Amino acid sequence: MQIEKPENELIRLSFLRSAEILDTPVEEAYERVVRMACRVLDFSRCAITLVDESRLWVKASRGMHFDEIPRDQSFCTHAILKNEALVVADAAGDERFRELDMVQGREKLNFYVGCPIRISPSVPVGMLCLFDTEARTLSDDELAFLQDLADTAGSQIKSRLLRNVYE
Amino acid sequence: MKTPDIPENEQERLRSLECLKLLDTPISERFERITRMVCRTLNVPIAAVSLVDRERQWFKSIQGLHVDETSRDIAFCAHAINDEEPFVVSDARADARFHDNPLVTADPNIRSYAGIPLAVENGLRLGTLCAIDTSPRDFTPEQLEILSDLAGMATAELMSVKLSEAHVLLVAELEQAQRAALIDSLTRLWNRGGAELLLEKEWEAAKRTNTPITVALLDIDHFKKVNDQLGHAAGDEVLRGIAKTVLQHLRPVDTVARWGGEEFLMVLPDCAGEDAAIALERVLTYIRQEEFNGIRVTASIGACSCHPTEAKRPASIIDPADRSLYRAKVDGRDRIVFDSEPG
């Protein structure tokens, strides 16, 4: 399936690769972010995802049933196009997402909210996202909090990138 | 009042703190974000990242209170660093250790406190992440866990160097006392003197790496009116708010400094053209959307990008930025005007 990619896809992938974070073990720094998101916003499913060339790879998660899925099976690949928060209130009713395995399948994840994880303001490498089976509402304040958490994760990934580049 | 004990590893602790080169530095978004999250998640008016120095506690970041530091002997955080567990005081007035503490009996009237020590390697506790309320309260185990997680993030930030190389060099070269003199006390950004030094360093770095640099002057529109109509305290709140908002929406390597009364200088290394325009437009957008203690303002920006060369001096980029700022004001304010490479 043809995936729409952001304009800066090449730079984006280059940064992601240089951060050497794909295919790495669980790390407390990222688990912590997921834990906070779940706890404070009251969700049981949360993930820090990284959008790679043809897959979505999960760095940290709670209540999710996959570590990796094809890129075209994700909400996140769409979310990074606009580099801003994405809220999908009814995935089954949205032609972009209704065919996704996680929407159609056993889990029936019908609600998605994600905030971009950025290495620099115009380079989103993935998303901090929350899922539910039913519709949820998030206030502006709660969305701002989620973005702050996403920025914390982004900050950590950037540190990693800089360390790799300077060493 | 009980004065805080001095930890056993105090000398080692102070050395470690000194190595971080964080004392007497301007505020930075990566810590502002964390204290902001404390206020939001725990619903407290005051939150801080406090570093406990020899004779004082100094706040790297503080929300809800405009204080840079206090003496060590009245600091709750100085008690907190003596143990690895969270330090909680539910009602300071009912606590023999604190009931006559000046921070409790007078402004800011601390009534309850929860502090998590920030420990770097070897269990050296350099300071705390703390939540403070002006009413008595219990902190639930859930809230303490959230605060602990945020403290974990704060510790991670303490350990990582994120600023531009120029900024790091500048901070390292200056003695603590010199640094303190280059920081604006109201906004806790670099002041004009600090900004000039930093611009010199960024200029050198840009020459060395053959990269462009963008300098922008931001001036708050109709600021005199805010002061005249609403008073200086209100004006100060706007200045502080603008400082934090600009910081929040620039990259970690960018610098924002207080250049004048209501004027700020932004230095964006390795940035020009479209990227610079987008970055500065974003800053203006957020300023427009924000309410600073109920007050809305707009700002005008004059910017200039160039490739530093041997022939040009940093001052040569500020003048065009200043002229562009003037242009922005004349053209109606609440906008950005760019100058091209100075001739």
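So you know, we letter chains A, B, ... as the sequences are listed, proteins then strands, and number each from 1. Keep in mind that what you see is a predicted model, and the values were worked out from it rather than measured.
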Geometric class of the B:H249/B:Y286 ring pair [parallel <30°, tilted 30-60°, perpendicular >60°]: parallel
A:F97 and A:H78 aromatic ring geometry - parallel, tilted or perpendicular at 30°/60° bounds: perpendicular
Among B:E32, B:E157, B:R33, B:K244, the one residue meeting side chain to side chain donor-acceptor pair (under 3.5 Å) with B:S61: B:E32
Winner by heavy-atom pair count (cut-off under 4.5 Å) against chain B, out of A:R118, A:E142, A:M36, A:R39: A:R39
Interface residue of largest heavy-atom contact number with chain B, from A:V33, A:D151, A:V40, under 4.5 Å: A:D151
Pi-cation contact, A:F43 with A:R136 (under 6.0 Å, within 45°): yes
Among the listed options B:E145, B:R282, B:E29, the residue most often paired with chain A at heavy-atom distances under 4.5 Å: B:E145
